[in-house]
Novice: 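The structure that follows is given in the form of structure tokens.
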Amino acid sequence: MEKVDMNVNETRASLNFLEQIIENDIRNGVNNGQVLTRFPPEPNGYLHIGHAKSICLNFGLAIKYGGKTNLRFDDTNPTKESTEYVNAIMEDVKWLGFQWQEPVLYASDYFEQLYQYAIYLIKKEKAYVCQMSAEEISKGRGTPQTPGVESPWRNRAVEESLEELEKMRNADYREGERVLRAKIDMASPNMWMRDPVMYRIMHAHHHRTGDAWCIYPMYDWAHGQSDYIEGITHSICTLEFVPHRQLYDWFIDNLDLTGIRPRQYEFARLNLTYTVMSKRKLLQLVEEGFVNGWDDPRMPTVSGLRRRGYTPASIREFAERVGVAKRENLIDVSLLEFCIREDLNKTAPRAMVVIDPVKLIIDNYPEGQTEELPAVINPEDPDSEKRMVPFSRELYIERDDFMEEPPKKFFRLAPGAEVRLKYAYIIRCDSVVKDKNGTITEIHCTYFPDTKSGMETTRKVKGTLHWVSAQHAVEAEVRLYDRLFRVPEPDNVEEGQDFKDFVNPDSLKVVTGYGEPFIKSALPAQGFQFERIGYFSLDKDSTNGKLIFNRTVTLKDSWAKVGNQC
RNA sequence: UGACCGAUGGUGUAACGGCAGCACUACAGAUUUUGGUUCUGUCUGUCUAGGUUCGAAUCCUGGUCGGUCAACCA
């Protein structure tokens with residue numbers, strides 16, 4: 001007995017508030033200790049990193065406590081929803097590594113049941129058909145400080161409301177002419193209790209139910225009931241739904257339901273610096289051509305992150321580190337970047353690629369000679385295999401790796417300086433050739449044959465450079481991605497300013513670089529690390545037979561640092 | 001100035017009446033065939049005023065600050 005308590009206390013120390021709630025419920029035998037959560041996206045856009053947090057939470061909780069998670073599409077507003085979004089969402093959830101309880105569910109599966117529930121409430125005199133206009137209803141609701149006024153239709157006969165509702169369903173009315181309202185309390189301090197709308201008329205084609213319905217339930221009249229029908233135990237949503245909870249409970253109470261009682265809990269949604277997270281705004285970026293689609297690698301969408309080289313594990317880790325609480329937060333993107341670096345560092349194959357090439361010629365290396373030098377594919381992996389890298393007299397190195405007049409702490413190549421070429425020899429720079437504009441076109445060096453990689457040598461160098469053999473190099477089209485926004489809080493700019501004014505015009509650059517032949521054979525491995533340049537991944541796109549890489553410029557990488565130093 | 005939610009380093013998040021801890025960031029050092037990785041260290045924190053208590057980040061009261069709510073969106 002004592003031992004159990006101690007264990008509880010020990011594990012408790014690291015539990016978030018939702019885990020505490022669930023453990024309490026299990027301990028108290030609530031729902032026989034069953035846990036069934038749900039992830040309920042509206043299919044009106046692609047999932048973003050904020051949804052990923054919710055997914056990890058809902059699925060993670062169920063996994064931790066031996067439960068299941070439903071995937072339910074909250075498809076109650078046909079004008080905004082589509083099958084394209086449904087499919088994209090399913091793909092993203094699967095890609096993140098989670099399995100929902102089959103089958104996939106839809107709020108629209110319950111339209112008939114909801115309709116019957118509505119009849120029940122009308123008969124109980126807890127709902128009525130109102131024929132005020134949207135504007136009148138809104139006005140009648142009052143303000144948070146002042147009570148609203150009751151609708152003149154509020155106390156109409158039950159039979160009348162029943163008939164009206166049927167007429168609504170039978171398309172006897174145009175949009176806006178009738179709504180079904182719950183009869184609660186027009187003076188409630190909670191605006192959502194002032195006779196909220198349950199059904200509205202929409203003569204719209206639904207992506208699943210087609211034209212079967214012309215009345216559609218509102219969120220509040222669909223969500224809790226869907227939870228109940230499915231037997232959801234813990235219905236977890238974001239903080240802005242806190243005021244809805246009272247209504248959520250009211251519907252369930254007044255329906256006199258006797259099954260598993262779902263409970264709503266709220267957590268703070270994710271906010272990220274330099275990132276817009278609202279679906280509405282992301283849709284604008286897509287529609288107005290700021291990006292090339294929902295899955296543009298600069299987008300904070302799950303599909304965008306995927307194309308950018310993020311792994312499912314890194315996103316799950318991020319969700320874990322971000323934590324769960326009820327206070328507003330603004331997470332630094334550097335945490336997300338840390339998570340992908342941490343993952344890729346352990347798993348990503350390495351290769352050398354030169355993005356901004358300048359030719360380096362080793363004058364004392366025999367013309368026409370080629371050597372195959374062994375290189376480690378992944379130094380973090382003890383079992384890593386080796387690849388052979390061709391070496392010859394003419395190489396490309398990074399333009400930034402050479403400075404004619406180096407500052408004091410510059411460890412790389414400069415006139416008279418010595419550096420090691422990774423996996424190869426130590427070289428010394430003797431001279432440079434420039435074109436008429438003063439741009440360096442060739443760097444001439446001497447190599448020391450007795451410094452070949454693996455040999456003992458007394459020569460000490462501070463710098464090591466990556467390189468590719470000019471004649472063997474594979475040409476690669478490289479896409480460099482920077483942050484989409486220039487400001488930390490694009491969601492929160494000053495009044496009168498548009499978040500789109502802060503889109504970074506340089507967020508995408510396409511350049512041609514040169515890579516080892518190895519990268520060609522390693523296709524289509526996901527997640528590359530290029531020596532000293534940073535992490536790359538292969539994009540799905542491949543045009544003109546060229547290799548396309550995503551470069552995550554915002555990831556920590558010394559290449560960018562050097563750029564800043566100069 | 002209605003109701004509700006919240007307030008712990010630059011950023012997140014723990015501590016549930018008993019030593020304010022962890023991670024990210026930043027900076028410094030060590031290692032390094034890339035300035036990466038790895039390792040070590042440093043800086044910085046309980047919104048405020050009272051109260052309860054041997055003892056308060058934690059409980060109570062007032063204040064301050066931030067957020068949410070008046071769609072026939074979700």
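Here is the naming used below: chain letters follow the sequence lines, and residue numbers restart at 1 for every chain. The structure displayed is predicted, hence computed values, not measured ones.
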Novice: Between B:G18 and B:G55, how far is it from one C1' atom to the other, in whole Å?
Specialist: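 Pairwise C1' distance, B:G18 against B:G55, rounds to 7 Å.
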Novice: If the test is side chain to side chain contact (heavy atoms under 4.5 Å, CB included), which one of A:M198, A:R181, A:R178, A:E166 qualifies with A:V129?
Specialist: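 Answer to the side chain to side chain contact (heavy atoms under 4.5 Å, CB included) test with A:V129 among A:M198, A:R181, A:R178, A:E166: A:R178.
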Novice: Please give, in whole Å, the distance from B:A74 C1' to A:M277 CE?
Specialist: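 After rounding, the reported distance stands at 17 Å.
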Novice: Rounded off to whole Å, could you give me the CZ-to-C1' distance for the A:R72 and B:A74 pair?
Specialist: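 Result: 12 Å.
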Novice: Looking at A:E42 and A:K279, is there a salt bridge between them, counting it only when a charged N and a carboxylate O are closer than 4.0 Å?
Specialist: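 No salt bridge links A:K279 with A:E42.
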Novice: Using a heavy-atom cut-off of 4.0 Å across all strands, would you classify A:R321 as base, sugar-phosphate, or nothing?
Specialist: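 Contact class for A:R321: sugar-phosphate only.
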Novice: Strictly below 4.0 Å: does A:R341 bring a side-chain N or O up to OP1 or OP2 of B:U25?
Specialist: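 The answer is yes; a side-chain N or O of A:R341 sits under 4.0 Å from OP1 or OP2.
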Novice: Please classify the nucleic acid contact of A:V242 as base, sugar-phosphate, or nothing, using heavy-atom distances under 4.0 Å.
Specialist: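 Here A:V242 touches the backbone only, sparing every base.
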Novice: Looking for any heavy atom pair under 4.0 Å, which part of the strands does A:A134 touch: base, sugar-phosphate only, or nothing?
Specialist: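 Base contact - A:A134 has a heavy atom under 4.0 Å of at least one base atom.
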Novice: Would you mind reading off the distance between A:Y219 atom OH and B:C73 atom C1', rounded to a whole angstrom?
Specialist: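 Checked: the OH to C1' distance equals 12 Å.
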Novice: Within the structure shown, what part of the strands sits under 4.0 Å from A:D74 by heavy-atom distance: base, sugar-phosphate, or nothing?
Specialist: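 Sugar-phosphate, no base atom in range.
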Novice: For the C1' atoms, the ones on B:U52 and on B:C59, what distance do you get once it is rounded to whole angstrom?
Specialist: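 It comes out at 8 Å once rounded to the nearest Å.
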Novice: Counting any heavy atom closer than 4.0 Å, what does A:V324 reach on the DNA or RNA strands: base, sugar-phosphate only, or nothing?
Specialist: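 The residue A:V324 makes sugar-phosphate contact but no base contact.
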Novice: NA contact type, A:F241, heavy-atom cut-off 4.0 Å: base, sugar-phosphate, or nothing?
Specialist: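 Here A:F241 touches the bases of the nucleic acid.
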Novice: Verify whether the ring centers belonging to A:H223 and A:Y219 lie closer than 6.0 Å.
Specialist: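 Judged by ring-centre distance (under 6.0 Å), A:H223 and A:Y219 do meet the cut-off.
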Novice: Does B:A30 fall in syn (glycosidic angle within 90° of 0) or anti?
Specialist: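 For B:A30, whose glycosidic angle is more than 90° from 0, the conformation is anti.
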Novice: Nearest 0.5 Å, what's the OH-CZ distance between A:Y447 and A:F391?
Specialist: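 One finds 7.5 Å between OH of A:Y447 and CZ of A:F391.
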Novice: Please work out if A:G176 contacts a base, only the sugar-phosphate, or nothing of the nucleic acid, heavy-atom cut-off 4.0 Å.
Specialist: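 Touches a base.
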Novice: For A:F73, run the ring pair (Phe, Tyr, Trp, His ring centres under 6.0 Å) check against A:Y85, A:F39, A:Y106 and tell me which one passes.
Specialist: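 Considering A:Y85, A:F39, A:Y106, a ring pair (Phe, Tyr, Trp, His ring centres under 6.0 Å) with A:F73 is found only for A:Y106.
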Novice: Once Watson-Crick and G-U wobble pairs under 3.5 Å are found, how is RNA chain B written in dot-bracket notation, 5' to 3', with | for any base paired to another strand?
Specialist: .((((((..((((....[..)))).(((((.......)))))....(((((..]....))))))))))).....
Novice: Would you classify A:R420 as touching base, sugar-phosphate or nothing, given that sugar-phosphate means primed atoms plus P, OP1 and OP2, and contacts are heavy atoms under 4.0 Å?
Specialist: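 The residue A:R420 makes base contact.
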Novice: A:Y199 near the nucleic acid: base, sugar-phosphate alone, or nothing, with a heavy-atom cut-off under 4.0 Å?
Specialist: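 The residue A:Y199 makes no contact with any strand.
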Novice: To the nearest Å, give me how far apart CG (A:N271) and P (B:G6) are.
Specialist: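 That distance rounds to 17 Å.
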Novice: Tell me whether the centres of the aromatic rings in A:F111 and A:Y216 are closer together than 6.0 Å.
Specialist: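 Yes, ring centres under 6.0 Å apart.
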Novice: Could you give the distance separating B:U13 and B:G45 at their C1' atoms, to the nearest angstrom?
Specialist: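 The same atom, C1', in both gives a distance of 13 Å.
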Novice: Taking only the side-chain heavy atoms of A:W192 (C-beta and beyond), determine which of B:G2, B:A15, B:A70 contains the nearest atom.
Specialist: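 Shortest atom-to-atom distance from the side chain points to B:A70.
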